[in-house]
Amino acid sequence: MIHWALPDSMEVVRWTSENRVRYDRSKLRYPSDLTDAEWAHVAPVIPPARRGGNRRHADEREVVNGLMYILSTGCQWRAIPKDLPPRSTLYDYFDLWSYDGTLDRLHEALYVKCREQAGRDASPTAAILDSQSVKSAEKGAVASTRMALMQARRSKARSGISSSIRKAS
């Protein structure tokens with residue numbers, strides 16, 4: 001028989017009356033909405049509006065609530081409830097924050113916070129690899145290197161400068 005033990009740093013959440021209050025989301029409009037404490041972690045990561053343009057008309061917290069709703073429910077963009085910002089606004093912010101790295105920074109900040117709350121280091125110190133994932137990673141590296149070399153060869157052959165150099169010599 002195999003016995004599994006949790007490391008000392010991993011805390012098992014028990015449903016005590018204290019924890020039920022902490023994890024209660026019944027007072028929120030949707031379970032995916034951010035609490036004030038969660039918003040306090042998220043707000044500093046969101047960049048301010050750009051200078052010189054129009055001021056923001058959308059509330060950033062509502063935009064994040066809308067994106068969290070989509071992520072937690074898996075609903076389609078066109079099925080977003082009417083009390084959240086319009087889908088065009090949500091998608092525009094999603095697109096902008098994906099492009100400028102805000103979503104990555106947000107994920108990293110929340111990831112580090114979760115690990116700290118669990119009593120772990122900010123970054124993991126161990127990884128589990130199996131032979132199959134190592135094989136597929138090696139194949140992927142070789143294939144991507146080959147593709148990069150092939151693109152470099154093609155671009156050199158199609159370049160007007162390199163073709164004129166070959167003719168001159």
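What's counted below: heavy atoms across the whole structure, side chains too, no hydrogens, waters or symmetry copies.
- Using a 30° and 60° split on the angle between ring planes, W77 and F94 fall in the tilted class, from 30° to 60°.
- Formation of a donor-acceptor pair under 3.5 Å by the T89 side chain with backbone atoms of P85 is not found in this model.
- Here the shortest heavy-atom pairing between L67 and L90 reads CD2-O, 3.8 Å.
- Looking at heavy atoms from C-beta onward, Y30 lies out of side-chain contact with T73 at the 4.5 angstrom threshold.
- Within the 4.5 Å cutoff, the side chain of R115 has no heavy atoms near those of the V112 side chain.
- If you chain together hydrophobic residues whose side chains sit under 4.5 Å apart, L110 and L28 never meet in one group.
- Across all their heavy atoms, R105 and D100 have their closest contact at NH1-O, 3.3 Å.
- Side-chain atoms of I46 and W97, non-hydrogen and from C-beta on, do get closer than 4.5 Å to each other.
- Hydrophobic clustering, with ILVMFWY side chains joined whenever heavy atoms are under 4.5 angstrom apart, keeps Y111 apart from V45.
- Contact check on E60 versus R56 returns a salt bridge, with a Lys/Arg side-chain nitrogen under 4.0 Å from an Asp/Glu carboxylate oxygen.
- Atom NE2 of H107 sits in a sparse spot, with 12 or fewer heavy atoms from other residues, nucleotides or ligands closer than 6.0 Å.
- The shortest heavy-atom contact between H41 and P44 is O-CD, 3.6 Å.
- When all heavy atoms of L34 and V64 are compared, the pair lying nearest together is CD1-CG1, 3.3 Å.
- For R25 and E38, the salt-bridge test passes: some basic side-chain N is under 4.0 Å from an acidic carboxylate O.
- Summarising the geometry, atom OG belonging to S98 is positioned 14.0 Å from atom OH belonging to Y93; distances are rounded to the nearest 0.5 Å.
- Between V63 and L84 there is no side-chain heavy-atom pair separated by less than 4.5 Å.
- A salt bridge is absent between K113 and E108; no separation between the charged side-chain nitrogens and carboxylate oxygens falls under 4.0 Å.
- Closest of all the heavy-atom pairs between S32 and Y69 is OG-CA, 3.3 Å.
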Query raised in the report: For R29 and N65, what are the C-alpha separation, side-chain angles and deciding distance, and is it a side-chain contact (heavy atoms from CB on, under 4.5 Å)?
Result: CA-CA 10 Å; R29 178 180 47 182; N65 283 340; 3.9 Å; yes

**Report entry** salt bridge (charged side-chain N to carboxylate O under 4.0 Å, His left out) assessment of D92 paired with R87
**Finding:** CA-CA 8 Å; D92 288 345; R87 70 177 184 224; over 6 Å; no

**Report entry** From CA spacing to verdict: side-chain contact (heavy atoms from CB on, under 4.5 Å), L96, T102
**Finding:** CA-CA 8 Å; L96 173 68; T102 300; over 6 Å; no

